[in-house]
Engineer: 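Got a structure for you, written out below as structure tokens; questions coming shortly.
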Protein chains: 2
Amino acid sequence: MTVEHDISMSARADIFKALGHAARLAMVIALGKGERCVCELQEVVGSDMSTVSKHLTVLRAVGLVEADKRGKQVYYSLKLPCTLGFVECVDKALRERGH
Amino acid sequence: MTVEHDISMSARADIFKALGHAARLAMVIALGKGERCVCELQEVVGSDMSTVSKHLTVLRAVGLVEADKRGKQVYYSLKLPCTLGFVECVDKALRERGH
DNA sequence: TGGTCATTTGGTCAAGTAGCCAATTGTTCT
DNA sequence: AGAACAATTGGCTACTTGACCAAATGACCA
């Protein structure tokens with residue numbers, strides 16, 4: 001068997017849903033290069049810090065990222081690096097049909 | 001470089017978004033085993049056929065699946081099989097924290 | 001041609017999501 | 001203690017989504 005069926009379909013879908021937003025996906029890709037604090041991620045996506053923080057809450061809720069508070073800053077890191085592999089496959093498909 | 005940055009982030013995110021719904025993800029997983037007509041997919045997810053059809057429109061719009069009309073039926077097939085690989089990785093993570 | 005079956009489309013409504021601002025929490029520095 | 005900074009939370013509004021029903025399309029069969 002390749003794909004398991006005893007895991008809730010919505011639990012799986014929630015992970016995709018969390019990645020289904022340009023800002024959140026951009027942050028996950030940035031985290032692929034190493035941990036970043038919220039203010040650094042804010043620069044990546046360019047929106048209000050409160051918005052960034054809420055996006056990070058979504059990513060944390062599904063276990064895609066992990067938060068580590070150190071001093072005044074909170075550092076986020078990627079817990080599911082295989083996400084980047086899928087992004088590459090998606091990119092390949094998008095390139096093939098000419099973005 | 002591992003992840004390209006000249007491809008629109010929202011184009012990528014739209015693919016994740018399309019997968020971010022239990023019914024759509026279930027259909028994609030079912031299509032991983034081979035092509036299926038809409039009525040077969042309807043049995044997989046159990047909702048109204050019009051709802052299933054709209055979900056399939058979403059998947060088709062982002063290029064995840066392909067439609068082929070043969071006689072009265074429309075057969076859908078999976079265009080991005082690497083999706084299944086990511087689902088497996090997601091499953092592994094979900095299992096590790098005890099679904 | 002008329003009927004039936006598979007699928008799609010249009011419309012409506014309830015529910016969910018994203019963004020911003022303002023206010024709050026918690027930490028460091030003086 | 002009080003100022004300054006990083007991050008989170010609450011609240012509001014605008015927008016998007018999902019589900020169902022009803023109606024339309026399109027293919028096959030009698």
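Every chain is numbered from 1, with letters handed out A, B, ... down the list of sequences.
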Engineer: Under a single-linkage definition using a 4.5 Å side-chain heavy-atom cutoff for Ile, Leu, Val, Met, Phe, Trp and Tyr, are V44(A) and V87(A) assigned to the same hydrophobic cluster?
Structural biologist: yes

Engineer: Please check if L78(A) and V58(A) belong to a single hydrophobic cluster, counting links between Ile, Leu, Val, Met, Phe, Trp and Tyr side chain heavy atoms closer than 4.5 Å.
Structural biologist: no

Engineer: When the nearest nucleotide of DNA chain C is assigned to Y75(B) and to S50(A) on a heavy-atom basis, which residue is associated with the more 5' position?
Structural biologist: Y75(B)

Engineer: Would a 4.5 Å heavy-atom cut-off, applied to side chains only, mark K17(A) and K17(B) as touching?
Structural biologist: no

Engineer: Could you check which residues of residues 51-60 of chain A get a heavy atom under 4.0 Å from DNA chain D? Sort them by number, please.
Structural biologist: S53(A), K54(A)

Engineer: Rounded to whole angstrom units, what separation is found between the CZ atom of F16(A) and the P atom of dT17(C)?
Structural biologist: 17 Å

Engineer: Does a salt bridge link R12(A) with D14(A), judged by any charged N lying under 4.0 Å from a carboxylate O?
Structural biologist: no

Engineer: Kindly give the atom pairs (protein nitrogen or oxygen, nucleotide nitrogen or oxygen) under 3.5 Å for nucleotides 14-17 of chain D.
Structural biologist:
none

Engineer: Is any side-chain heavy atom of I29(A) closer than 4.5 Å to one of M9(B)?
Structural biologist: yes

Engineer: May I ask you to decide if L31(B)'s main-chain N or O and R36(B)'s side chain share a donor-acceptor pair within less than 3.5 Å?
Structural biologist: no

Engineer: Which of parallel (below 30°), tilted (30 to 60°) and perpendicular (above 60°) describes F16(A) and F86(A)?
Structural biologist: perpendicular

Engineer: Does M27(B) share a hydrophobic cluster with Y75(B), counting links as ILVMFWY side-chain heavy atoms below 4.5 Å and allowing steps through other members?
Structural biologist: no

Engineer: Counting primed atoms plus P, OP1 and OP2 as sugar-phosphate and everything else as base, spell out the protein contacts along nucleotides 23-30 of chain C at 4.0 Å heavy-atom distance: B, S or - for each nucleotide, 5' to 3'.
Structural biologist: ---SBS--

Engineer: The criterion is disulfide (SG to SG under 2.5 Å); which residues satisfy it with C82(A), sequence neighbours excluded?
Structural biologist: C89(B)

Engineer: So, R24(A) side chain and A13(B) main chain: donor-acceptor pair closer than 3.5 Å or not?
Structural biologist: no

Engineer: Where along residues 35-49 of chain B does a heavy atom come under 4.0 Å from DNA chain D, residue by residue in number order?
Structural biologist: S47(B), D48(B)

Engineer: Does a side-chain heavy-atom distance below 4.5 Å link V74(B) with C37(B)?
Structural biologist: no

Engineer: Identify, with sequence neighbours excluded, every residue that meets side chain to side chain contact (heavy atoms under 4.5 Å, CB included) alongside S77(A).
Structural biologist: E35(A), E66(A)

Engineer: State plainly whether one hydrophobic cluster holds both L64(A) and I7(A), where clusters connect Ile, Leu, Val, Met, Phe, Trp and Tyr through side-chain heavy atoms under 4.5 angstrom apart.
Structural biologist: yes

Engineer: Taking only the side-chain nitrogens and oxygens of Y76(A), find out if one of them lies under 4.0 Å from OP1 or OP2 of dA6(D).
Structural biologist: no

